[in-house]
Amino acid sequence: MTIPEIHTYLREKLPGAGLELVEAHPDPVIRVPAEAMIEVAGVLRDDSELHFECLMCLSGLETAEEMLVVYHLYSMRHGHKCTLKCGGPKGDQVVVPTVCRIWPTAEWHEREAFDLFGIRFEGHPDPRRILCPDDWEGHPLRKDYVPQEKWHDIPLTQRGYGRSREGGGL
Amino acid sequence: MIEGRFGPNIIITSADRVINWARSRSLWPLTFGLACCAIEMMATNASRFDLDRFGIFPRPTPRQSDCLLVSGTVTAKMGERLVRLYEQMAEPKWVISMGACANSGGPYYEHGYHVVKGVDQIIPVDVYIPGCPPRPEALIDGFLRLREKIMRETIARKQA
């Protein structure tokens, strides 16, 4: 199935989920509201026509207005792929339900998205940082991130002969 | 050295020279492979470049090492562990910084929010090897430079 076909199929299965098809390059994307994410994910995995047993990747994404989670799914049985996006506007704390009970792979990926983008995953069994140290300040891949000068007395700044922070560096 | 003065099998030399000779000819580095430089380090240790012919033999523990070979990108998180391992090494000890990342942060100098901009900011470094990554020949040259440096040392203490 192509992604528009998957979208039509899902809308028939879950008419109340509020799924939207967003045109994007190279493939369209299905936009899922956070409230419906668990239900949609369950159907995507368990429905015999869709059968997306593999979550290839889960990543965080910051756009100009939104903080998003991107899910790349693959069905080994049918050989088709599909991309989902889920998230919210940037001003508030973005909360997305965890899908790690549907695809266990998601557990570490969600920890990474939390670590680097600060997206919270509701119901995650172990919502710690995964790459940065536990006492790290901020979420490094956000556009408004201000780097730390020091961490545990280890200097992280440039040595003075580089460009200054104000001069268009970080 | 005075040779041939005391008959066969006796060589007279200074304690400094003997000690430095022994230290510099059996450098056992604590391998600290952190990134792609580690691949070159492994190649240098392996049979083609054969660091063993210099008496350089990689050790997996700081307790048996004379020299710390930092090969790769040092992040803040790893920096803390690096300092701990350095402190666990017995004196005398030397440090070789291998590659652009360990020397200065390298490609992460500008935007690496979690990269230490040079391992010499956290531990003292004896030899810097430039390159990204340095070729095995460069690493061997670095070890030879460290040898020369060790040969210039003395066990005598300066008078206070």
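All values below come from the heavy atoms of this structure, side chains included, with hydrogens, waters and symmetry mates left out. Letters A, B, ... mirror the listed sequences (proteins, then strands); counts begin at 1.
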Would you say the side chain of B:E80 lies within less than 4.5 Å of the side chain of A:W151, judging by non-hydrogen atoms? yes

Toward chain A, the part of B:V116 with a non-hydrogen atom under 4.5 Å: both

Report, as yes or no, whether the 6.0 Å neighbourhood of atom CZ on B:F54 holds more than 12 heavy atoms from other residues, nucleotides or ligands. yes

Considering residues, nucleotides and ligands other than B:R84, do more than 12 of their heavy atoms fall under 6.0 Å from its CZ? no

For A:C132 and B:K77, the nearest pair of non-hydrogen atoms, with its separation, is O-NZ, 3.8 Å

Surrounding CZ of B:R23 (heavy atoms of other residues, nucleotides or ligands, distance under 6.0 Å), is the total greater than 12? yes

I'd like to know whether CZ of A:R120 has more than 12 heavy-atom contacts from other residues, nucleotides or ligands below 6.0 angstrom. no

